[in-house]
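Data first, discussion second: the structure below is written as structure tokens.
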Amino acid sequence: MDAPAVAAPSPPRSGIGPDTRRTGRLLGVLALGLALAIFLVDAFTPLEGAVAVLYVVVVLVSARAFRRNGVILTASGCLLLTAVAYFLSHRFFDSDSALLRALVSLAAIAISALLVLRNQAAARILAEQAELLELTHDPIFVRTPTDTVTFWNRAAEDLYGWRRDEVRGRNVHVLLRTAFPGGEAAIRDALMRNGRWEGELAQTVRSGARVVVESRWSLQRDAGGQPLAVLETNTDITERKRAHAALAESERRYRTIFDTARVAILQQDWREVKAVLDAVPPDAATPLRAHLHAHPEVVRDLRRSVTIVDANAELRRLIGADAGAAAPRSLDALLFEDEPTFIEALLALARGETFFEGETTIRALSGDPVPILFGITFPSHAEGFEGVLVFAVDITERKQAQEALLAVQAELAHTARVTTLGELTASIAHEVNQPLAAIVTNGEAALRWLRRSPPDLGEVSAAVTRVVASGTRAGEIVSRIRTFLAKTPPPRDWLDLREMIGESVLLVEREMVRGGVRLIRDVASDVTLVHGDRVQLQQVLINLMVNAIQAMATVTERPRLLTIRVAPDGAEHVRVTVADSGGGIAAEAVERVFQPFFTTKADGMGMGLAICRSIVEAHGGRLWITGHDDPGAAFHFTIPTTAEREP
Amino acid sequence: MPALPVIAIVDDDEDVRVATGSLVRSLGYTARIYASARDFLESCPVDAPDCVITDVQMPGMTGVEMHRGLLALGSRVPVIFVTAFPTEALRNTVLAAGASDFLGKPCDGATIIRSLEHALMGGSARDATA
């Protein structure tokens, strides 16, 4: 009879090889021959005794030769032969003892046949179980308590590279150079105590490679409780370990980034939001945007539903939460009332976008606003909404720098404006104060000459004459200003346009130098006499030139060119063009620039061009604006060259 | 008899120039008038005045630049600035540069006379008021 399967399973019977089959056939023949010999001796020799008992041997041999049906057939044949031999040699009931012997033989044959059949069935079950061990993917071997291999399955061959005939009888843990973490003795103690042990072992395969196995040991004891064998199942987890290590490394790296990044990172749970948005029918009557704007309470609830799972140190710094303070639990706590980008993020998510970025202001724990740039990465599929990553960068400093820059620019613009105004005021003051100064000084001198002894009446007369002249000059200046203000027709003179332009250029020379502007003068020589008011036309020219200079203040990528061109415009007019290389004027603003109070300047009154146009029109000309070939704007005005001469 | 003090008057405005010249002469000084700062500077080495009354804003060269030119020439002649547009900044600039006085236009004859007399005595208007 075979040994118990667990201790040493026999080779599988189902896979019968040619050798096994030939042995079976020989045994079958032997059994038949033996049965025949016993029958001949039993039936035809006068031997008194239980010869038929020897049929038991035939049954036993047949057990090795045949399967169940063959054994039954053989046993039945033996029973029949026993009975036939009895009738042949003894007839019926001639001897009680012979009959008894025959009956004993029959019983022995039947009992042995039953035992053989039972044993066969048990052996078959064990063989099937052994075959299952053979089929399993886990490397399994059986060893004695002293580590000598008695069974080694195919998966073990595959893993370790040793064939079963190479390892049988060898000390397996010496062969595999097994490393026992925590100590071999402790593991063996645990096995003896509990009958089993589980853990990780490192072993060496035939090629020399180290493998990590998840090892499960089961101890089999004999009837007396003595250790009989150990079944070891070793699952190769080298790859799993490596993958796990890689995962752990990746996790560690992510954690490092998360903890130390200068970017604020939040992990937020958006599952509720996703569920709500998914529930909105795609063909809803109200578009989602309108719906969200109409129902702030829905937005509010969604904001509350987004919980903050995790937040890194940078975020805590950003919102001013020191180590002790509790970080906000929901997005709602971070956002101000009516925060506009949350709705945009909802719409982006509803559109199926996986990334949304924007600029907003969040609320620090103190309630102070913190300007941020942020990005949200939404998962592309339904999973992962419990850990939506949000990145945010503090742009306070950038904002502050931007605001400081704007403030400086505004300050500069203001200074420039004030300076220009101051200089204009200075020139007006100069113009009016000059004759006044002359008058006062001449008057003083006249008094002095008069008080001399004797009075120098010639000097007095000269001084008083100059007083009158200067007074008249001052009166002219004042009257011109009043005339202009009263919109009465201005005095018309024949004016040399070339000279007038020269004077105007002198007046704005400083602005041009400061603005880095180059002047191009293109004045046709034959059209320089026009009919009009010098002061007013100069005002128009200066206004257009100062506007042009200011329009080029922000130009850096091309030369700042101020072009003044004078050319005939028909027979009776001359056209003056003032062009710049600035940003130009938007088409829709072209007519509005001439309206009173239209201005693009922070501290402008918006009166300049309106006044210029009324001056030009009062002169019988036109003032208009065009683009020109190069960047920038061009202002043109016409002035009559032929007008009735004044008396 | 000591020579009459010579006063140079620099102003681009003819009316002012002539009027100031007349006032100076009425006080018994000799007046020399110049239409530009450059004209004056050119004459200076040959014919140094005892005092200068000058405008500030003039085309070509300003009164302030002219003053700087005088100092560069090593001249210690007192300079009185008279401007139609007096600002505190300009006042500080010229007084710091050593000007004798800084007056706004129009100013009355008495003021000019007082300033002129102080300058000729080697003091400055500030010393006088201090």
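Order of the sequence lines sets the chain letters (A, B, ...), proteins ahead of strands, with each chain counted from 1.
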Q. Between G109(B), A110(B), G21(B), S26(B), which shows the greatest number of heavy-atom pairs under 4.5 Å with chain A?
A. S26(B)
(Q) I'd like to know if D13(B) pairs up with R473(A) as an ion pair, taking the criterion as any Lys NZ or Arg NE/NH1/NH2 lying under 4.0 Å from an Asp or Glu carboxylate oxygen. (A) yes
Q.
Using side-chain heavy atoms (C-beta onward) and a distance below 4.5 Å, is T441(A) in contact with K105(B)?
A. no
Q. In Å, rounded to the nearest 0.5 Å, how long is the span from CG of L447(A) to CG of L23(B)?
A. 10.0 Å
Q: Count the heavy-atom pairs under 4.5 Å between each of D108(B), T87(B), V82(B), V18(B) and chain A, then report the option with the highest count.
A: V18(B)
Q.
Tell me whether R448(A) contacts the main-chain N or O of L27(B) through its side chain, where contact means a donor paired with an acceptor under 3.5 Å.
A. no
**Q.** Nearest heavy atoms of V16(B) and A438(A), plus distance in Å
**A.** N-CB, 3.9 Å
Q: Check whether R17(B) gets within reach of chain A through its side chain, its backbone, both or neither, counting any heavy atom under 4.5 Å.
A: neither
**Q.** Side chain proximity check, E444(A) to T111(B), heavy atoms < 4.5 angstrom
**A.** no
**Q.** Heavy-atom closest contact (S22(B) atom, A445(A) atom, distance)
**A.** OG-CB, 3.4 Å
**Q.** Heavy-atom contact with chain A under 4.5 Å, split by part of V24(B)
**A.** neither
Q. Should we say atom CZ of R565(A) is surrounded by more than 12 heavy atoms from elsewhere, each under 6.0 Å from it?
A. no
